[in-house]
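I have placed the structure first, in the form of structure tokens, so that the comments after it can refer back to it.
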Amino acid sequence: MAPNTFNKPANFINRELSWLRFNTRVLSEAQDSNNPLLERLKFIAIYGTNLDEFYMVRVAGLKRLYSARITESGPDRLTPKEQLDEIRSYLKLEKQRLEACYFEIREELSKLGLCIKTYNEADKNQKKELREYFINHLYPIVVPIAVDATHPFPHLNNLSYVLALKLQSIDNPSEIKFGMTRISRMLPGFVRLGDTYFHTDSIVAEFTNELFPGFKVMSWTSFRVTRNADMEIEEEEGDDFMALMTEGLKSRRKGEIIRLEIQKTDDLELKNFVEQYIKVTPEDIYECEAPMNSNILWEIVGNKNFAKLTFPSYTSKILPPLDSNANIFSVLDSQDILSFQPYESFDSVVNFIQSAAKDPDVFSIRMTLYRVGKNSPIVKALIEAAENGKQVTALVELKARFDEENNLHWARALESAGAHVIYGVPGLKVHAKIALVIKSIGRELREYVHLSTGNYNPSTAKIYTDISYMTSKREFTQDATKFFHNLSGFSHKSKLNTLLAAPLQIKPKILELIENETKAGKDGRIILKANSIVDTDVILALYKASAAGVKIDLIVRGICCLRPGIKGVSENIRVISIVGKYLEHARIYYFKHAKVQIYFASADLMPRNLERRVELMTPIFEDNLADKLFGIIKIQSEDNAKAHELQSNGEYIKLAPKEGEKPTNSQKMLEDHTNTLYASLKREAEEVKAKKLARRMLKES
């Protein structure tokens, strides 16, 4: 079949529209009555946070392309304007579903004694308490802002949340003024009295006369602005990159306004007051009834009194040989370890770094740090190691979007402790997850490496599924050493021998592996688990493989631009997305006829990962570890409880067990499997311990 048969625009799903459908799958978890109520509320919070970022980055980018009159687009050939029109239309309709879902959840929660209210819904005693709270906690912080000929409309930072007020003079009723007050991010979204949550903005609005003496409030509404937050940092030789990044963070707060959300109001004069100062395309104005800032819902989700309304808790397990008191480096001298978070504990990774920091024989630790989180025990261990005179090299990726400020903090702390800190690589974002520990034992050097699909962040390791691999194999440690030499030197594009690094090696290798399966025809088999599949070359290679008869399963959590089910093109490709208790983050790639059949990677199948980032893909040689990875993707490909299947029209259908079929929730199955394995191994260990004790007692007698 001719290559241009595969490359038709109709064979590709638009990237942005695919992302919207991913967020719809998040919303569907909020709508699913089988999920506990607070989990449903949590999914609304996640949906809103996702949408904020989408507008700040993707919609902002499309608007800039449209303003620049650029019409060239991706392989689907939709222009920026066509994409913007589709996005706005889609979101206007989905907002109705979102709000109906929110109010349904709120009503169900209230029946169980967990209430979300405004000030006006409070009883007499509650109103007294709320007034005291306003006087003591809100009045000193909120600032009255007059807007008239002598008081210009103020600058509003990105995601600023503001009350707009229509005020009437008490002495002169014909005198109407407009004012505002910002609801600081330092303030909670709700004021909690027992298990009732009162919207903070409704309390501030009630007592606005305290802020504007001589005036009374005729009407009020709240609004929120979203700005372009996709920073462009121009890296030039000799520039101070930390200073550039700091300036970039400031500019993000001042980017062009691209969305206005305003609480629905009957006062058109007040609405017009807001819209005349917030210059935004009318199509990007959203009138809301549910909370605009969904982040505040986390305050309710965390209510310990209603823990029964969340998913059953799961404790990550430490499996042998990591459950012993043996030195982790001694364990790695004899075997490799592959674990799957959050089912298996991330503590082993933290222990790997902390042990290296304390071990007197360790003289060097090298790591990449992308999103480590706040109060990071790993970064604290690196600081301790540096202060103790160990050689510490840390590549802190300052361009990790929306984590830049946190990474700046850790970069400065590491530098102060004496670590060698690298601030990324010019022109590339370092997304690889790798740590290298070098020990000196006598005259011999021993090296240990950790490779992962996830960040060195203990908090996200409890909710993200990721692969973690530790080894002392020479072929891996030699490549790790070369990798870090490349990062700290000038050779950012040299090739590795066993590991595969982007931007030079991963994409060609994946295309080669797909081509190899294509040659196997109907006996070919490919399973790819990723967050996103966008790269056109990879998609075309998969189409060619499918046309040759290769059976292909794609487990893609987020964006998928590949369109399955096209006759003669993608009939043999099945695409599912799993959205559930945990965020699917691991990337696992399987090719039946390859010499090495299975790999895991930090890289998704997107141009940015394969061509514009420093990434790593790791081959798994040992059969038992390869079987473990294959088992994970096999279980997930059979999910019929939390999986959605992509249709050829770009829509997703939630899967359900067929008649006579048992429901398969892959995440629950992996929890149960790990629990069972842990209990079995613990029982075996106790039996061995009892036998040893019995033998010793017999000898002593």
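Along the sequence shown, residues carry numbers from 1. Only a predicted model underlies this, so the values are computations on that prediction, with no experimental measurement involved.
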* Quick one: closest heavy-atom pair of Lys462 and Tyr582, and the distance? => O-CE2, 3.6 Å
* To do: May I ask you to decide if Leu610's main-chain N or O and Arg613's side chain share a donor-acceptor pair within less than 3.5 Å?
  => no
* Asked: Relative to the ring of Tyr55, is the ring of Tyr286 parallel (under 30°), tilted (30 to 60°) or perpendicular (over 60°)?
  -> perpendicular
* Asked: Do the side chain of Ser546 and the main chain of Val569 share a donor and acceptor less than 3.5 angstrom apart?
  -> yes
* Would you call the rings of Phe6 and Tyr543 parallel, tilted or perpendicular if under 30° counts as parallel and over 60° as perpendicular? -> tilted
* Atom of Ile44, atom of Ser294 and distance for their closest heavy-atom approach -> O-CB, 3.9 Å
* Check: Tyr652/Ser28 side-chain N/O donor and acceptor closer than 3.5 Å -> no
* **Pair Gln636-Ile576, side chain to side chain contact (heavy atoms under 4.5 Å, CB included): steps then yes or no** => CA-CA 9 Å; Gln636 293 206 326; Ile576 64 167; 5.6 Å; no
* Mind checking the CZ-CG spacing from Arg106 to Leu297? Nearest 0.5 Å is all I need. => 11.5 Å
* Asked: ring pair (Phe, Tyr, Trp, His ring centres under 6.0 Å) with Tyr161: which residues, sequence neighbours excluded?
  -> none
* Asked: Can any side-chain N or O of Thr453 pair as donor or acceptor with the backbone N or O of Arg587 at less than 3.5 Å?
  -> no
* Is the shortest distance from a Lys or Arg side-chain nitrogen in Lys63 or Glu256 to a carboxylate oxygen in the other one below 4.0 Å? -> no
* Asked: Would you call Lys529-Glu584 a salt bridge at under 4.0 Å N-O?
  -> yes
* Can you establish whether the number of heavy atoms outside Lys95 located under 6.0 Å from its atom NZ is more than 12? => yes
* Set of ring pair (Phe, Tyr, Trp, His ring centres under 6.0 Å) partners for Tyr66, sequence neighbours left out -> none
* Asked: Charged N to carboxylate O under 4.0 angstrom, Lys264 versus Glu287?
  -> no
* To do: Verify, without hydrogens or angle tests, whether Ser222 (side chain) and Leu163 (backbone) share a donor-acceptor contact under 3.5 angstrom.
  => no
* Tell me, do His199 and Phe190 make a side-chain contact under 4.5 Å, heavy atoms counted? -> yes
* Structure fact -> Residues passing the ring pair (Phe, Tyr, Trp, His ring centres under 6.0 Å) test with His644, sequence neighbours excluded, are none
* Could you please spell out the steps behind the side chain to side chain contact (heavy atoms under 4.5 Å, CB included) verdict for Asp284 and Arg88? => CA-CA 7 Å; Asp284 291 314; Arg88 291 158 176 160; 2.8 Å; yes
* Asked: Yes or no on side chain to side chain contact (heavy atoms under 4.5 Å, CB included) for Met606 and Asp535, after CA distance, side-chain angles and deciding distance?
  -> CA-CA 5 Å; Met606 305 178 74; Asp535 188 86; 5.8 Å; no
* Quick one: does Asp553's side chain have a donor or acceptor within less than 3.5 Å of a partner on Ile527's backbone? -> no
* Asked: Nearest 0.5 Å, what's the NZ-CZ distance between Lys429 and Arg612?
  -> 10.0 Å
* Decide whether Ser602 and Glu615 meet the rule of one side-chain donor and one side-chain acceptor closer than 3.5 Å. => yes
* Asked: Is there a donor-acceptor pair under 3.5 Å between the side chain of Ser18 and the backbone N or O of Cys560?
  -> yes
* Is it true that Asp267 and Lys271 make a salt bridge, defined as a side-chain N closer than 4.0 Å to a carboxylate O? -> no
* Asked: Can you check whether Gly568's main-chain N or O pairs, donor with acceptor, with Glu571's side chain at less than 3.5 Å?
  -> yes
* **Side-chain heavy-atom pair Tyr47, Leu51 within 4.5 angstrom cut-off** => yes
* Give a yes or no on whether Lys81 atom NZ has more than 12 heavy-atom contacts from other residues, nucleotides or ligands under 6.0 Å away. => no
* Asked: Is Asp266 atom CG crowded by more than 12 heavy atoms from other residues, nucleotides or ligands, each under 6.0 Å away?
  -> no
* Out of curiosity, Asn293 CG to Thr200 OG1, how far, rounded to the nearest 0.5 Å? -> 10.5 Å
* **Test side chain to side chain contact (heavy atoms under 4.5 Å, CB included) applied to Leu17 and Ile87, step by step** => CA-CA 7 Å; Leu17 301 184; Ile87 288 166; 4.3 Å; yes
* Structure fact -> For Met292 and Ile262 the tightest heavy-atom approach is SD-N, 3.7 Å
* Quick one: pull up CD1 in Ile559 and CZ in Arg58 and give me the separation to the nearest 0.5 Å. => 7.0 Å
* Asked: Do Glu29 and Arg25 meet the salt-bridge criterion of a basic N to acidic O distance under 4.0 Å?
  -> no
* Asked: For residues Asn531 and Arg557, is any side-chain donor paired with an opposing acceptor at under 3.5 Å?
  -> yes
* To do: Indicate yes or no: does Glu283 engage Lys92 in a salt bridge with an N to O separation below 4.0 Å.
  => no
* Can you measure from CG (Leu41) to CD1 (Ile105) and round to the nearest 0.5 angstrom? => 5.5 Å
* **Where Ile555 and Ser637 come nearest, the two heavy atoms and their spacing** => CD1-N, 4.0 Å
* **Residues that Arg185 engages under side-chain hydrogen bond (donor to acceptor under 3.5 Å, both in side chains), provided they are two or more places apart** => none
* Check Gln31, Glu94, Glu651 against Thr24 for a side-chain hydrogen bond (donor to acceptor under 3.5 Å, both in side chains) and give me the one that passes. => Glu94
* Asked: Can you name the residues that form a side-chain hydrogen bond (donor to acceptor under 3.5 Å, both in side chains) with Asn295, not counting sequence neighbours?
  -> Thr49
* Structure fact -> For Leu562 and Leu646 the tightest heavy-atom approach is O-CD2, 3.5 Å
* Asked: Is a salt bridge present between Asp52 and Arg259, judged by a nitrogen-to-oxygen distance below 4.0 Å?
  -> yes
* To do: Using atom types as modelled and distance alone, determine if a side-chain donor or acceptor of Arg15 lies under 3.5 Å from a backbone N or O of Val534.
  => no
* Asked: Do Asn14 and Glu86 have side-chain N/O donor and acceptor atoms under 3.5 Å apart?
  -> no
* Gln276 backbone acceptor or donor facing Lys279 side chain under 3.5 Å -> yes
* Kindly give the heavy-atom pair with the smallest separation between Thr226 and Met56, and that separation in Å. => CG2-CG, 3.5 Å
* Test: Arg574 and Glu645 ion pair at under 4.0 Å -> yes
* State which residues pass ring pair (Phe, Tyr, Trp, His ring centres under 6.0 Å) with Phe178; sequence neighbours excluded, sorted by chain then number. => Phe273
* **Non-hydrogen side-chain atoms of Phe153 and Ile145 separated by less than 4.5 Å** => no
* Taking the side chain as every heavy atom from C-beta outward, state whether Leu395 and Val614 have any pair of such atoms under 4.5 Å apart. => no
* Value rounded to 0.5 Å, distance of CD in Glu53 from CG in Leu159 -> 10.5 Å
* Asked: Donor-acceptor pair, Ser666 side chain versus Asp639 backbone, under 3.5 Å?
  -> no
